[in-house]
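One structure below.
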Amino acid sequence: MMTTQIFPSLLAADFARLADEAAVVADVADWLHVDVMDAHFVPNLTIGLPVVSALLKYATLPLDCHLMISDPDRWAPDYARAGAQNVTIHAEAATAPVRTLRSIRAAGARAGLAINPATPVEPYGDLLPEIDMLLVMTIEPGFGGQPFLDVTLPKIARARELIARHGGEVWLQVDGGVSEETIGRCAEAGADVFVAGTAVFGAQDPAAAVRHLRSTADAASRLPSAGHGRQ
Ligand code: DX5
Ligand code: ZN
């Protein structure tokens with residue numbers, strides 16, 4: 001059973017008012033997406049463990065920490081121990097992904113694995129039992145507000161097939177350039193978890209934007225073309 005979930009990305013929110021921005025979408029969104037960048041794995045620098053720990057005290061929604069850092073093996077378990085409800089590491093950065101994913105779960109969080117646009121999904125099929133969410137990046141990571149990369153759509157569909165074959169409850173997340181204009185294509189391809197930064201916090205009414213994104217995704221995922229072995 002697939003359920004559409006909308007994860008607003010705080011990267012597009014006002015960083016000086018994170019708790020207030022989290023509250024704006026608290027009644028309509030499913031989780032909050034937090035982008036951790038280290039200026040090494042990606043060219044940008046955002047926030048780290050101290051800010052995530054502080055935000056956990058105020059946010060009523062669970063936090064989805066997307067670690068765009070060079071040494072996720074060192075840091076990911078600490079985010080889980082701090083109370084983040086999901087911690088996602090990048091396949092391109094992890095040197096011991098199985099061990100790190102298991103440490104995340106052992107600390108009580110859900111474990112996510114992310115792949116960049118040019119990283120194939122097939123080599124990670126065997127890791128599906130180790131994860132709760134697969135993130136197919138739909139932009140090159142590092143900055144919000146970039147245009148959606150259509151070239152990733154066939155990979156989203158192949159990821160959905162791998163998950164269906166695996167049979168487990170692995171969420172399929174897309175992140176980057178997700179908007180009213182692109183979310184339908186992602187849902188049709190088989191994504192069920194949608195990160196949106198600019199499309200939510202750049203909108204006049206972020207809560208209304210979340211509601212619209214959800215209904216557009218729901219409508220698209222019900223299209224007959226959105227088969228991919230799902231119910
Ligand atoms: C970028 C981040 C995204 C970012 C997406 O590397 O991973 O989560 O917030 O922003 P938009 O939705 O504006 O493309
Ligand atoms: Zn992200």
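What's counted below: heavy atoms across the whole structure, side chains too, no hydrogens, waters or symmetry copies. Read the numbers this way: they start at 1 and go in the same order the structure lists the ligands and their atoms. Start at 1 with the first residue, then count along the sequence.
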Worksheet item: Going by the atom numbers of ligand 1, which of them fall below 4.0 Å from some non-hydrogen atom of Gly176?
Response: 14 (O)
Practice prompt. For Thr198, counting its heavy atoms only, list the atoms of ligand 1 lying under 4.0 Å from any of them.
Written response: 11 (P), 12 (O), 13 (O)
Item to complete: Measure the shortest side-chain to side-chain distance between Cys186 and Phe194 over non-hydrogen atoms and say whether it is less than 4.5 angstrom.
Response: yes
Worksheet item: Is it true that the side chains of Asp192 and Thr3 contain a donor and an acceptor less than 3.5 Å apart?
Response: no
Practice prompt. Measure up the His66 and His90 rings against each other and bin them: parallel (under 30°), tilted (30 to 60°), perpendicular (over 60°).
Written response: parallel
Discussion item. At less than 4.0 angstrom from any non-hydrogen atom of His66, what atoms of ligand 1 do you find?
Written reply: 7 (O)
Worksheet item: Going by atom types only, do Asn86 and Thr88 share a side-chain donor-acceptor pair under 3.5 Å?
Response: yes
Worksheet item: Among protein heavy atoms, which sits nearest to atom 4 (C) of ligand 1, and what does the distance come to when rounded to 0.1 Å?
Response: Leu11 CD2, 3.7 Å
Worksheet item: Does at least one non-hydrogen atom of Ala196 fall below 4.0 angstrom from an atom of ligand 1?
Response: yes
Discussion item. I'd like to check which ligand 1 atoms, numbered from 1 as shown, lie under 4.0 Å from a non-hydrogen atom of His33.
Written reply: 8 (O)
Worksheet entry | Considering only N, O or S atoms of Asp35, the one closest to the Zn ion (ligand 2) | OD1
Practice prompt. Return yes if a side-chain donor-acceptor contact under 3.5 Å exists between Thr119 and Glu92, otherwise no.
Written response: yes
Discussion item. Below 4.0 Å, non-hydrogen atoms only: which portion of Val42 touches ligand 1? Side chain, backbone, both or neither.
Written reply: neither
Discussion item. Does Asp175 form a side chain to side chain donor-acceptor pair (under 3.5 Å) with Thr138? I'd like the steps, not just the answer.
Written reply: CA-CA 6 Å; Asp175 179 12; Thr138 44; over 6 Å; no
Worksheet entry | Pairwise distance CD1(Ile139) to CZ(Phe148) - rounded to 0.5 angstrom | 10.5 Å
Worksheet item: Any side-chain donor paired with an acceptor under 3.5 Å for Asp35 and Thr46?
Response: no
Item to complete: Using a strict 4.0 Å cut-off to heavy atoms of Met68, name the atoms of ligand 1 that fall inside it.
Response: 6 (O), 7 (O)
Worksheet item: What residue and heavy atom of the protein are closest to atom 9 (O) of ligand 1, and at what distance?
Response: Ser9 OG, 2.7 Å
Discussion item. In this structure, would Ile115 and Val98 fall into the same cluster of hydrophobic residues linked by side-chain contacts under 4.5 Å?
Written reply: yes
Worksheet item: With atoms numbered from 1 as shown, which atoms in ligand 1 lie under 4.0 angstrom from a non-hydrogen atom of Pro141?
Response: 6 (O)
Worksheet item: So which heavy atom in the protein is nearest atom 10 (O) of ligand 1, and how far is it from that ligand atom?
Response: Gly144 CA, 3.5 Å
Discussion item. Measuring from atom CZ of Phe41 to atom CD1 of Ile89, what distance do you get when rounded to the nearest 0.5 angstrom?
Written reply: 10.5 Å
Fill in: Whether Phe148 lies under 4.0 Å from ligand 1, heavy atom
no
Worksheet item: Is the shortest distance from a heavy atom of Gly145 to ligand 1 less than 4.0 Å?
Response: yes
Worksheet item: Of the listed options (Gly177, Ser179, Gly197), which comes nearest to atom 12 (O) of ligand 1 when hydrogens are ignored and any heavy atom counts?
Response: Gly197
Worksheet item: Does some side-chain heavy atom of Ile156 sit less than 4.5 Å from a side-chain heavy atom of Val174?
Response: yes
Discussion item. For a quick check under 3.5 Å, do Asp64 and Gln173 share a side-chain donor-acceptor pair by atom type?
Written reply: yes
Response to the item:
Here the atoms of ligand 1 under 4.0 Å from any heavy atom belonging to Ile139 are 1 (C)
Item to complete: Please state whether Glu140 comes within less than 4.0 angstrom of ligand 1, counting heavy atoms only.
Response: no
Worksheet entry | Closest protein heavy atom (residue, atom, distance) for atom 6 (O) of ligand 1 | Gly142 N, 2.8 Å
Fill in: Side-chain heavy-atom pair Asp71, His40 within 4.5 angstrom cut-off
no
Worksheet item: Among protein heavy atoms, which lies nearest atom 5 (C) of ligand 1, and at what distance?
Response: Asp175 OD1, 3.5 Å
Worksheet, complete the sentence: Among the N/O/S atoms of His66, the Zn ion (ligand 2) lies closest to ND1
Discussion item. Need the atom name: nearest N/O/S atom of Asp175 to the Zn ion (ligand 2).
Written reply: OD2
Discussion item. Students should be able to answer this: which protein heavy-atom is nearest to atom 2 (C) of ligand 1, and at what distance?
Written reply: Asp35 OD1, 3.3 Å
